[in-house]
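Inspection log for the structure reproduced underneath, given as structure tokens.
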Amino acid sequence: MIEKISMLRAAALDKIKQAASSGEVEELRVRLLGKKGELTEMLKDLKNMAIEERKQFGQEANELKNELTGFLEAKFSELSANDVKKSLSSGSSFDISLPGTQFKLGSLHPVTIVQKEIERIFTGMGFNIVDGPEAEEEFYNFEALNIPKHHPARDMQDTYWLENGSLLRTHTSPCQVRAMQKYGAPLKVIAPGRCFRNESTDASHENTFFQLEGMMIDKNVSIANLIYVMKLLLSEVFNRDVKIRLRPGFFPFVEPGFELDLNCMICGGKGCPTCKHSGWIELLPCGMVHPNVLRYGGIDPEEYTGFAFGLGLTRLAMMKYGISDIRVLNSGDLRAMEQFSVR
Ligand code: DAH
């Protein structure tokens, strides 16, 4: 066995010396030390040897491996340097000062960046992230949210109907009912996702946009909890203490329902074009979950209460990054998207 090793050493060193190009050296490396290389194959016999022999053979084989690796590397760099010299002297143009090929890394979409940030904030407060289908059943999109057929509230959310009677969901609110049915109470969830409406597009309307629904249900949940969670969310998103106010707002699935306004951060509440001189920016609708909706979700409204909110993710991303035209976000125009590159 030991003899075999010295024979291999002699033959291998000889071949390495004779190699004429870096390609040949690489071939030799594979033939000697590769997965099915000669030395590797030899080492497979180890397991059939007696202990003493195995020790000695193993040691010698390892030494040979190190020795060959060293020789191969030295020969490889010697020959590759030659390759460069040759190509330089052959007169072919080879400018070693040219910059290399640049590989561009992608970047996250602004809506994704904002979504991830909000998910981080809410999971930190013990909320779970859930989702629901984009092609939704009429029951979840409307009925179970206390919007029966022929209710005028349906008009505000004109959508695309599918031939099987389902529809492209107009908001993420159906996820509320699905989550209640699946997990019961107490419940703390957020549901980010894509929504659709039959809108004519302009700078602030798109047929496809993103929302983030939130819901918290437990015993004795009150408007105070709602205000606290919303304030915490917004001060984290905007990195400062924020002032908010609630105005009454109508949504059939909450009672009472609110529009939450944010004190304008551009003018500090004095009035400017961004807040249309009112000092406040309408930011997110929310409210206390309507007892009918709790019932549809299989939760007893006598025992539990909860709040819900629907954050316009697309709108928030536009505000955060100062994007004035919503159509940019779905345009797939990399020149616009790259500016927000957070990876
Ligand atoms: N789903 C509503 C919409 O898209 C927004 C909304 C309002 C969600 C009030 C809520 C809520 O959870 O409580 O217009």
Side-chain angles (χ1 to χ4, degrees), residues 1-117 119-120 123-124 128-131 192 194 331-343:
M1 265 308 177
I2 301 298
E3 242 170 65
K4 263 190 168 177
I5 290 208
S6 28
M7 276 165 63
L8 179 62
R9 167 186 280 117
L13 292 183
D14 205 37
K15 278 184 207 147
I16 297 176
K17 254 188 223 148
Q18 283 173 22
S21 69
S22 51
E24 249 174 69
V25 178
E26 174 59 12
E27 261 170 43
L28 268 176
R29 190 191 61 75
V30 174
R31 215 158 67 207
L32 293 164
L33 308 177
K35 253 191 190 161
K36 290 199 171 149
E38 288 173 47
L39 186 61
T40 322
E41 288 296 322
M42 248 187 219
L43 280 168
K44 286 186 186 155
D45 288 338
L46 268 179
K47 58 179 182 301
N48 305 321
M49 294 178 194
I51 284 206
E52 266 314 303
E53 200 187 356
R54 189 187 302 176
K55 249 191 187 169
Q56 200 193 348
F57 182 80
Q59 196 180 345
E60 299 244 350
N62 254 331
E63 277 168 18
L64 178 58
K65 188 175 171 189
N66 292 337
E67 195 180 349
L68 291 183
T69 310
F71 274 115
L72 285 163
E73 278 173 5
K75 191 72 180 177
F76 188 86
S77 38
E78 176 192 326
L79 291 174
S80 344
N82 276 352
D83 289 348
V84 174
K85 269 190 216 145
K86 251 192 245 161
S87 86
L88 282 177
S89 60
S90 71
S92 62
S93 61
F94 179 74
D95 182 353
I96 54 169
S97 68
L98 279 176
T101 315
Q102 270 199 7
F103 295 98
K104 270 195 169 179
L105 285 178
S107 55
L108 293 178
H109 191 278
V111 172
T112 310
I113 299 173
V114 174
Q115 177 182 331
K116 285 188 176 238
E117 164 81 355
E119 286 178 355
R120 182 187 64 75
T123 48
N128 285 316
I129 303 170
V130 298
D131 65 3
R194 188 184 275 123
S331 68
D333 187 340
L334 292 181
R335 290 167 308 175
M337 297 302 109
E338 276 170 354
Q339 302 173 44
F340 316 102
S341 60
V342 172
R343 295 185 178 101

Exercise for review: For Asp333, enumerate each residue passing the side chain to side chain donor-acceptor pair (under 3.5 Å) test, keeping only those at least two apart in sequence or located in another chain.
Suggested key: Arg335
Study note, to complete from the structure: Residues at least two apart in sequence or cross-chain that pass side chain to side chain donor-acceptor pair (under 3.5 Å) with Glu67, listed by chain then number, are Arg9
Donor-acceptor list for residues 42-50 side chains, cut-off 3.5 Å, not counting sequence neighbours:
from  : atom 1 : to    : atom 2 : distance (Å)
Lys44 : NZ     : Glu41 : OE2    : 3.1
Lys47 : NZ     : Lys44 : O      : 3.2

Review point. Stepwise, does the side chain to side chain contact (heavy atoms under 4.5 Å, CB included) test hold for Leu28 with Leu33?
Key: CA-CA 8 Å; Leu28 268 176; Leu33 308 177; over 6 Å; no
If you round to the nearest 0.5 Å, how far is [atom2] of [Y] from [atom1] of [X]?
X      : Y      : atom1 : atom2 : answer
Phe57  : Ile5   : CZ    : CD1   : 4.0 Å
Leu79  : Lys85  : CG    : NZ    : 10.5 Å
Glu117 : Ile113 : CD    : CD1   : 10.0 Å
Ser77  : Asn82  : OG    : CG    : 10.5 Å
Lys4   : Glu38  : NZ    : CD    : 10.5 Å

**Study point:** Donor-acceptor under 3.5 Å (Lys75 side chain, Lys17 main chain)
**Key:** yes
Exercise for review: Would you confirm whether Thr40, through its side chain, and Gly34, through its main-chain N or O, come within 3.5 Å as a donor-acceptor pair?
Suggested key: yes
Point to revise | Min side-chain heavy-atom separation Leu32-Leu8 under 4.5 Å | key: yes
Review point. Should Pro192 and Asp131 count as side-chain neighbours, where that means a heavy-atom distance under 4.5 Å?
Key: no
**Study point:** Steps toward side chain to side chain contact (heavy atoms under 4.5 Å, CB included) verdict (Lys36, Arg31)
**Key:** CA-CA 7 Å; Lys36 290 199 171 149; Arg31 215 158 67 207; over 6 Å; no
Point to revise | Evaluation steps, side chain to side chain contact (heavy atoms under 4.5 Å, CB included), between Val25 and Ile16 | key: CA-CA 7 Å; Val25 178; Ile16 297 176; 5.6 Å; no
Exercise for review: Decide if atom CD1 of Ile51 counts as having more than 12 heavy atoms of other residues, nucleotides or ligands within a radius under 6.0 Å.
Suggested key: no
Practice item. State plainly whether the residues Arg29 and Glu26 are in salt-bridge range, i.e. N to O under 4.0 Å. Key: yes
**Study point:** Verdict with supporting geometry, Glu119 and Gln115, side chain to side chain donor-acceptor pair (under 3.5 Å)
**Key:** CA-CA 6 Å; Glu119 286 178 355; Gln115 177 182 331; 2.9 Å; yes
Revision key, fill the gap. Closest non-hydrogen atoms of Ser107 and Met337, given as atom of the first, atom of the second and distance, are OG-O, 3.9 Å
